[in-house]
Structures are given as structure tokens and as C-alpha cells.
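The next block holds one structure in the form of C-alpha cells; read it before the comments.
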Number of protein chains: 2
Amino acid sequence: MHKMNSKNKTFIDKLRSSGLRPTNQRVEISKFLFNRKKTFHFTVEELKNSMNLKRSKKISTATFYNTVHALKSAGHLKEFSLENNTSYYDTNIKSHHHFFDNGKVIDIRSDKITFQKLPDAPKGKKIKNVEVVIRLENNN
Amino acid sequence: MHKMNSKNKTFIDKLRSSGLRPTNQRVEISKFLFNRKKTFHFTVEELKNSMNLKRSKKISTATFYNTVHALKSAGHLKEFSLENNTSYYDTNIKSHHHFFDNGKVIDIRSDKITFQKLPDAPKGKKIKNVEVVIRLENNN
DNA sequence: TAACTACTTTATAATTATTCTAAAGTATGT
DNA sequence: ACATACTTTAGAATAATTATAAAGTAGTTA
């Protein structure tokens with residue numbers, strides 16, 4: 001029998017809908033990711049370090065990778081890549097845009113960018129989403 | 001003294017302007033990359049394999065990486081990343097857009113997309129470029 | 001040309017992010 | 001409690017990339 005208060009519900013459901021039993025480790029990861037005010041970006045390594053720092057009993061690397069993957073496959077996380085061969089994950093899964101500023105990533109709300117002209121998808125294909133990256137540099 | 005006909009000039013100059021002496025290996029790489037009708041995308045591994053396949057004396061991995069890096073730093077190649085922890089390079093350095101279709105990348109000419117609304121750069125920053133990725137999926 | 005210096009290439013080792021594996025642990029259903 | 005299936009973990013394996021250091025090559029100077 002599970003104790004399930006409304007506070008836990010959201011992030012535990014994300015595990016369930018990812019096909020993952022809500023074990024202790026997974027619940028803590030999901031809570032860390034989703035039980036907060038603002039969405040954020042992270043790498044698996046960063047996630048592991050920041051979570052394990054405070055823990056006496058560390059969660060293993062493989063569990064972080066497995067959990068993040070399952071959450072991503074179920075659509076609870078969005079993956080993106082910078083130019084450093086590392087996968088980044090975004091807890092904001094709504095389609096949105098980004099500023100890239102020397103490896104730093106800043107979200108741009110979807111409604112801040114609109115298009116005048118967009119190409120058609122090649123035949124047999126359709127557009128899944130459209131995302132814009134605005135690369136920044138220092139003013140001078 | 002160098003023999004230098006007009007056919008070689010462009011890609012040898014790209015080496016020179018990247019701070020690289022035009023050695024045999026580098027000239028062959030630069031020729032392979034730039035002496036062709038259409039621009040294309042590649043990974044270093046792909047480049048190495050396709051070039052070395054035809055050669056009896058193989059060019060080393062390190063030389064491919066060094067040369068591609070220098071060309072990229074000088075702005076003769078553009079780097080981008082998919083979600084598989086590999087760097088891709090594009091011989092088309094003009095700002096342009098892409099369709100991403102399950103790991104396949106198709107160029108979209110810059111003038112095919114125009115914006116109605118774009119956000120301002122954060123203060124102290126300015127916009128270097130704006131690039132769009134249109135993700136595709138099969139029609140049904 | 002010979003000698004000197006600086007730059008290159010190469011094989012190989014090291015590193016980093018990620019995935020795989022297999023054993024030990026835990027949970028669930030009967 | 002037993003059996004089965006799912007989890008966690010440490011550590012090995014893999015893949016892309018970068019670093020290292022020795023041997024090779026080119027360019028310069030005398």
C-alpha cells in the first residue's frame with residue numbers, strides 16, 4: 001500500500017508513465033527534477049553530482065542514466081546538445097526557444113518568436129516542431 | 001617554390017588562413033572538403049573513413065581532428081550537434097537552417113525562413129546569429 | 001648543402017560521456 | 001515464505017575526442 005499525498009503525485013506519476021516503478025532512488029531523482037518552481041537544464045553528470053553531494057548513500061551513475069532516459073522517452077524531459085558532445089536535458093518540455101551564450105543556455109518563451117515565412121516539410125513528412133537558437137556574443 | 005594553379009587556390013588558402021601549412025595531408029583533406037559542387041555535412045569519423053578507404057598510406061586520426069578543428073576555428077567549417085554525442089561539421093558556413101529527420105540533416109536556405117517577431121538580446125549582449133531547426137516526422 | 005629550428009604526423013595512451021553486464025538486492029503476487 | 005520479475009550497483013566496455021611524445025619533414029640561414 002502506498003502513501004500518496006498530492007505533493008508527491010506529479011513526479012511519481014511521471015515515473016509510472018515512463019514505465020518505471022517508483023523506487024526510492026527514482027522518486028528522489030524525479031522529485032529533484034520536477035518538484036520545483038522553475039524548469040532548468042542539466043547534464044546527467046551535473047544531476048548526479050548535485051544530488052549525491054548531499055547523500056550519504058550515493059545513487060549510482062547507471063540509475064541516473066536509466067531514469068533520465070526513461071523520463072526522456074516518455075516525454076517528461078527534452079534532450080538537446082551543445083557543441084561539446086554532452087547531452088543536456090530540459091525539464092521544460094513545452095516547445096520553446098533558446099539563447100546560447102558561450103555554453104550557457106537561456107530559455108525563450110515560445111510566444112516571443114513568430115514566423116513570417118516557413119518552408120513546407122518534404123513530401124511524406126510533416127513538421128513535428130520548430131525551434132530557434134539565437135546565438136549571442138558580447139556587445140563589443 | 002610552390003606550383004599553385006587556380007584550381008588549388010581556394011582550399012589551400014583556407015588552410016593558410018587557418019594557420020596551417022599546406023602539407024600533403026592537409027591539402028588532401030581540404031580538397032576533399034571544399035573542392036566540390038555542393039556543401040555537405042560530416043563527422044570526423046566519416047571523413048576519415050571515406051578518405052582513407054581509397055588511400056594506401058592512411059592519414060592518421062589526429063591529423064583529421066587537428067585539421068578540422070583549425071578549419072572550424074578559422075570559420076571555414078561550422079560545427080553542430082545532434083543528440084548522439086558526436087560533432088558534425090558543415091561545409092556550408094553561411095547562416096542557414098535545418099530540417100532534422102531522425103538523425104538526417106537537410107539544409108534550408110536562409111531566405112526560406114523569415115521572422116515576424118524576435119526577442120532582444122539580454123543587456124550587454126548582441127545577436128550573433130539565428131538558426132532554426134525544424135524537426136520532421138513521418139506523415140502518419 | 002649542412003645544420004638548425006620549428007612545425008607535422010603518427011601511434012598510442014588518456015580522457016570523457018555513455019552504455020553494457022552480471023551479480024546482488026528488493027519488491028510483488030500467490 | 002517462494003518464485004518471479006524488476007532494480008541497483010560496481011565495474012567493464014565502447015565511442016568520440018584530446019593529449020603526448022617520438023620520429024619525420026620543411027624552411028631558413030650560413
Side-chain angles (χ1 to χ4, degrees), chain A residues 1-4 12 14-32 41-52 55-74 77 79-90 103, chain B residues 1-4 12 14-32 41-52 55-74 77 79-90 103:
Chain A
M1 226 38 9
H2 281 289
K3 183 181 68 169
M4 166 111 71
I12 290 185
K14 285 188 208 280
L15 291 174
R16 289 227 167 79
S17 62
S18 306
L20 298 179
R21 278 192 202 159
T23 61
N24 289 336
Q25 290 93 326
R26 289 169 177 170
V27 168
E28 294 212 38
I29 293 171
S30 191
K31 193 168 162 188
F32 184 92
H41 310 116
F42 64 93
T43 66
V44 173
E45 203 60 20
E46 289 166 358
L47 174 65
K48 187 184 91 171
N49 291 340
S50 50
M51 285 195 66
N52 276 345
R55 302 172 55 89
S56 48
K57 188 162 187 337
K58 313 298 184 193
I59 296 172
S60 74
T61 305
T63 295
F64 282 107
Y65 274 99
N66 290 342
T67 305
V68 165
H69 267 150
L71 288 167
K72 187 234 156 179
S73 296
L77 292 171
E79 187 179 0
F80 64 95
S81 279
L82 302 188
E83 275 126 49
N84 60 356
N85 315 313
T86 312
S87 286
Y88 287 77
Y89 296 89
D90 192 335
Chain B
M1 222 48 357
H2 282 290
K3 182 182 69 170
M4 167 111 71
I12 291 184
K14 286 188 208 279
L15 291 173
R16 289 226 166 80
S17 62
S18 307
L20 299 178
R21 279 193 201 157
T23 62
N24 288 336
Q25 291 93 326
R26 289 168 177 170
V27 168
E28 294 213 38
I29 293 170
S30 191
K31 193 169 162 188
F32 183 93
H41 311 116
F42 64 94
T43 66
V44 173
E45 203 60 20
E46 288 166 358
L47 174 66
K48 188 184 90 172
N49 291 339
S50 50
M51 285 195 66
N52 276 345
R55 301 172 56 88
S56 47
K57 187 163 187 338
K58 312 299 185 192
I59 297 172
S60 74
T61 305
T63 296
F64 283 106
Y65 275 100
N66 291 342
T67 306
V68 166
H69 267 151
L71 288 168
K72 186 233 159 180
S73 297
L77 291 172
E79 187 180 358
F80 64 94
S81 279
L82 302 188
E83 274 125 49
N84 61 355
N85 315 313
T86 311
S87 286
Y88 287 77
Y89 296 89
D90 192 335

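FYI, side chains are in, hydrogens and waters are out, and symmetry mates aren't considered; it's all heavy atoms of this structure. Chain A is the first sequence line, chain B the second, and so forth, proteins listed ahead of strands; every chain is numbered from 1.
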Check every atom of C:dT9, C:dA27, D:dT17 against the side chain of A:Asn85 and return the nucleotide holding the closest atom.
D:dT17
Identify the two heavy atoms, one from A:Leu15 and one from A:Pro22, that lie closest to each other, and give their separation to 0.1 Å.
CD1-CA, 4.0 Å
Rounded to whole Å, CG of B:Asn24 lies from P of C:dT8 at a distance of 13 Å
On DNA chain D, nearest-nucleotide positions of A:Leu20 versus B:Thr61: which is more 5'?
A:Leu20
Find which nucleotide of DNA chain D each of B:Asn84 and B:Arg21 is nearest to by heavy atoms, and output the residue with the more 5' nucleotide.
B:Asn84
Would you indicate what A:Thr23 reaches in the nucleic acid, counting non-hydrogen atoms under 4.0 angstrom: base, sugar-phosphate, or nothing?
sugar-phosphate
Rounding to a whole Å, what distance do you find between B:Leu15:CG and D:dA26:C1'?
16 Å
Rounded to whole Å, the CD-P distance (A:Glu83 to D:dA16) equals 18 Å
Which of C:dT18, D:dT8, D:dT9 is nearest the side chain of A:Arg26? It is D:dT8
B:Tyr88 and B:Phe80 aromatic ring geometry - parallel, tilted or perpendicular at 30°/60° bounds:
parallel
Taking all non-hydrogen atoms of both residues into account, name the closest pair between A:Val68 and A:Leu47 and its distance.
CG2-CD2, 3.7 Å
For A:Arg55 versus A:Glu28, what's the shortest heavy-atom pair and its separation?
NH1-OE1, 2.8 Å
Between D:dT17 and B:His69, is there an OP1 or OP2 to side-chain N/O distance shorter than 4.0 Å?
no
Choosing from C:dT18, D:dA10, D:dT8, which nucleotide comes nearest the side chain of A:Thr86?
C:dT18
B:Leu82 CG to D:dA15 C1': how many Å, rounded?
16 Å
Contact class for A:Gln25 vs. all strands (heavy atom < 4.0 Å): base, sugar-phosphate, or nothing?
sugar-phosphate
For side-chain hydrogen bond (donor to acceptor under 3.5 Å, both in side chains), just list the numbers for B:Asn85 and A:Ser87, CA-CA rounded to whole Å, side-chain angles, deciding distance to a tenth of an Å, and then say yes or no.
CA-CA 7 Å; B:Asn85 315 313; A:Ser87 286; 3.2 Å; yes
Touch check for A:Lys48, heavy atoms < 4.0 angstrom, all strands: base, sugar-phosphate only, or nothing?
nothing
Testing C:dA11, D:dT18, D:dT9 for proximity to the side chain of B:Tyr65, the answer is D:dT18
By nearest-nucleotide position on DNA chain C, the 5'-leaning member of B:Lys57 and A:Thr43 is B:Lys57
